[in-house]
Q: 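One structure follows; several queries about it will come next.
Sequence lines set the chain letters: A, B, ... in the order given, protein chains first and strands last, and positions in each chain run from 1.
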2 protein chains.
Amino acid sequence: MPPQGRRRRPTQVDIARRAGVSQATVSLVISGGAASDQIAESTRQAVLAAAAELGYSANVAARSLKGGRSHLLGLYTFEPVFPTDQRDFYYPFLLGVEEETAAQGYDLLLFSSVTSAADRSIYAGGANRLKLADGCILLGRNVRREELNALVQEDFPFVFIGRREVEDGEVSYVGADYVGATSAVVAELHRQGHERILYLRAIDDTEPTRDREQGYREGLASAGLEVDERLIQGLADPADLSVEHVLHWIGGYGVTAVLVEPTEDNRLVDALTAMTDSERVRFPDDCSIALLGEPPSWTPELRDWTRFSLPRAEMGREAVRMLVDLLGDAQPASRQTIIPCTFVPGDSIGPAPAGPALRR
Amino acid sequence: MPPQGRRRRPTQVDIARRAGVSQATVSLVISGGAASDQIAESTRQAVLAAAAELGYSANVAARSLKGGRSHLLGLYTFEPVFPTDQRDFYYPFLLGVEEETAAQGYDLLLFSSVTSAADRSIYAGGANRLKLADGCILLGRNVRREELNALVQEDFPFVFIGRREVEDGEVSYVGADYVGATSAVVAELHRQGHERILYLRAIDDTEPTRDREQGYREGLASAGLEVDERLIQGLADPADLSVEHVLHWIGGYGVTAVLVEPTEDNRLVDALTAMTDSERVRFPDDCSIALLGEPPSWTPELRDWTRFSLPRAEMGREAVRMLVDLLGDAQPASRQTIIPCTFVPGDSIGPAPAGPALRR
DNA sequence: TCTCCTAGTTCATACGTATTAGATGCGGTG
DNA sequence: CACCGCATCTAATACGTATGAACTAGGAGA
């Protein structure tokens, strides 16, 4: 049965017939570029005219089948992106990625790890779904290591947003300089007279957390301070950051400043707000506090916490540039980039309290 | 030269060789579904094993060239999405689309119309880029009509978010009920005693604007009011909505209420805020005002303007459902859906001033 | 007149998959 | 033993494009 319901689109063969030339000639004219200057001007015009009359448009599928490239870049997120607050965290990355993808002449393929994570993993059905794209940007905190390993093993071109390491093999990434940024915060606190600085780290042992811890240690070292291991504590749930705990740390450990690693959702900010509202501890008068990063969404009525912020859109853009570079024939310029963070002074740190520990 | 730099992706032929069967068999096993139950279980296992070992994944281009399904849904936005404020307007649609796309087991292909619009149009490079996807969601106010026509002509499956019409042919869409919502606002104003209601419409003649105008006229008619054509005015630039103008309308035309169509960016809100701040006209005491829609981003410190809001995420989801429906063999349930808007009472309308026109 | 060149064009094929119409083998039936 | 049916599998082909090799015509040179 000849195509009947849905009308068949005109092909180069149709144009060729109409213009009285061969399909190859049509291809040469249409795809223009290199070899097309061997074509007589009259022929070229005839072909173009025929193409216009028929309303021809090239078939992308055929083109990329022939060329081996799909001109798609993938974006895969390990985290479900739908809980609203995480969404706000990842959105800026996505914007940067999208913008640069377009600038590079690619389209963006959004892999939905989103729902029922079970069957939407990278290797769903035993096959690497990402391969649909020429290369892929990866994102997310809770990386499934086996999958990351597999990706590296099979030499699939990808760039991770955020520093990631695997056992054997090299991961390309664009990371934020958590080490330097954290160290800088410690330095600033020390400048203001703080010597007992509590570091509340995330409970899981991922690269972003390790980097912050390293920055903390380096910062203390640069300041000539010893690391008191009791001052490094895991914070399982942001809600645990309560006034009671802070009072305990101040009283028990002589802490004058607290560093805390934000979560991708809004729970930490909620906890902070609750603490501030209670007014049993005043920040920064009784205790300084700084965030090692930036909570997802920043609204003006929110307190201007001392923190540092990552250039999320820029990281997205840079990741795409690196990926495109990777796809090129030549050796890529670099496979790992660390981008500096911006220190936001804010209003939640101040000079260390001169007197003895706070007593109320 | 055999592929050398980056390893060539394994194909069905590779699998076939390894499993000792033919390519056709591999295809039958892989694409699963219909005819694959004719395959012996042992063979099937062998093929799947080989595929897994080689890290096979199907080539979309080849698949869609052959007429198969790519399991991709496209999303194309006519507007550049990057000016920050427009971004906020379109984001909720995107979320809905993404969510439902995932739920339906598709991946989402983001076509970037984003940069240099010239070469990123649908038919860029003489090719219909959308074709890579099985179907496509379209979005955006400034539709390029020729392209929309072409899409309809070649019978490509797509759904527009927002009502859109073309000369000959039928566009599938999920629209917001601007007519009903606008009419309802007029009714409410009339209930509060307003009879001279100014309607500030967008300057361009697109469907969303036409629908609002129709709603305005219908609302007046239902209220038993005549339409005074002088009270329908085009608003080219939101900044033109100044105190001076409002005073003029109140004094000159006896206007007691203003309806204004919001833009996708923040300019209208800025103008409104400026007007409120000046305090030369008090809303709603001196004049009621309502927005025929919702400005992109709503932050709590912003005034709670009377308005109606569209269920943007839901529209996105519904559009995807409709598209998937369209892709199925059966006749789609519907090709046009209108979704009601939610009236937000807000605080910017009130009873019509009893006395004569405001004088200061 | 024959060869050679060059500009202009066509031939033939490959890309990776899906699909239809056979091919193959095998056990059973008349 | 010929034949049929059944269960599996394969051969062949089409999809639309790009491209290197081959061809053609017409003129220049020998």
Q: Would you please classify the geometry between the B:Phe93 ring and the B:Phe89 ring as parallel, tilted or perpendicular, with 30° and 60° separating the classes?
A: perpendicular
Q: Could you check how far CD1 of A:Ile15 sits from P of C:dT10, rounded to whole Å?
A: 14 Å
Q: Going by the rule salt bridge (charged side-chain N to carboxylate O under 4.0 Å, His left out), which residues pair with B:Asp14 if we only count those two or more places apart in sequence or in a different chain?
A: B:Arg8, B:Arg17
Q: Please name all residues satisfying side chain to side chain donor-acceptor pair (under 3.5 Å) with A:Glu314, sequence neighbours left out, ordered by chain then number.
A: A:Arg317, A:Arg321
Q: I need the minimum non-hydrogen distance between B:Gln104 and B:Val324, along with the two atoms involved.
A: OE1-CG1, 3.7 Å
Q: What residues form a side chain to side chain donor-acceptor pair (under 3.5 Å) with B:Glu167, not counting sequence neighbours?
A: none
Q: Angle between the end axes of the helix from C:dT1-D:dA30 to C:dG30-D:dC1, five pairs per end, to the nearest 10 degrees?
A: 90°
Q: Listed by chain and number, what are the side chain to side chain donor-acceptor pair (under 3.5 Å) partners of A:Asp134, not counting sequence neighbours?
A: A:Ser70
Q: Taking N or O atoms only and anything under 3.5 Å, show me the protein contacts with nucleotides 13-16 of chain C, one pair per line.
A:
unit_1	atom_1	unit_2	atom_2	d
C:dA14	N3	A:Lys66	NZ	3.1

Q: Could you go over nucleotides 21-27 of chain D and give all protein N or O partners under 3.5 Å, atom names and distances?
A:
none

Q: List the residues meeting salt bridge (charged side-chain N to carboxylate O under 4.0 Å, His left out) with A:Arg164, not counting sequence neighbours, and say none if there are none.
A: A:Glu207
Q: Please write out each protein N/O paired with an N/O of nucleotides 5-9 of chain D under 3.5 Å, distance rounded to 0.1 Å.
A:
unit_1	atom_1	unit_2	atom_2	d
D:dC9	OP1	B:Thr43	OG1	2.3
D:dC9	OP2	B:Ala40	N	2.8
D:dC9	OP2	B:Thr43	OG1	3.1

Q: Is the backbone of A:Ala319 close enough, under 3.5 Å, to the side chain of A:Glu100 for a donor and an acceptor to pair up by distance?
A: no
Q: Using a 4.5 Å cut-off on heavy atoms from C-beta on, say whether the side chain of B:Ile161 contacts that of B:Ile137.
A: yes
Q: Not counting sequence neighbours, which residues clear side chain to side chain donor-acceptor pair (under 3.5 Å) with A:Thr25? List them please.
A: A:Ser22
Q: Sequence neighbours excluded, which residues qualify as salt bridge (charged side-chain N to carboxylate O under 4.0 Å, His left out) partners of B:Glu165?
A: B:Arg163
Q: So, using salt bridge (charged side-chain N to carboxylate O under 4.0 Å, His left out) as the criterion, who are the partners of B:Glu170 when residues are at least two apart?
A: B:Arg335
Q: Over how many whole Å does the gap from B:Ile30 atom CD1 to C:dA18 atom P extend?
A: 9 Å
Q: Take the angle between the ring planes of A:Tyr76 and A:Phe111 and call it parallel below 30°, perpendicular above 60°, tilted in between.
A: tilted
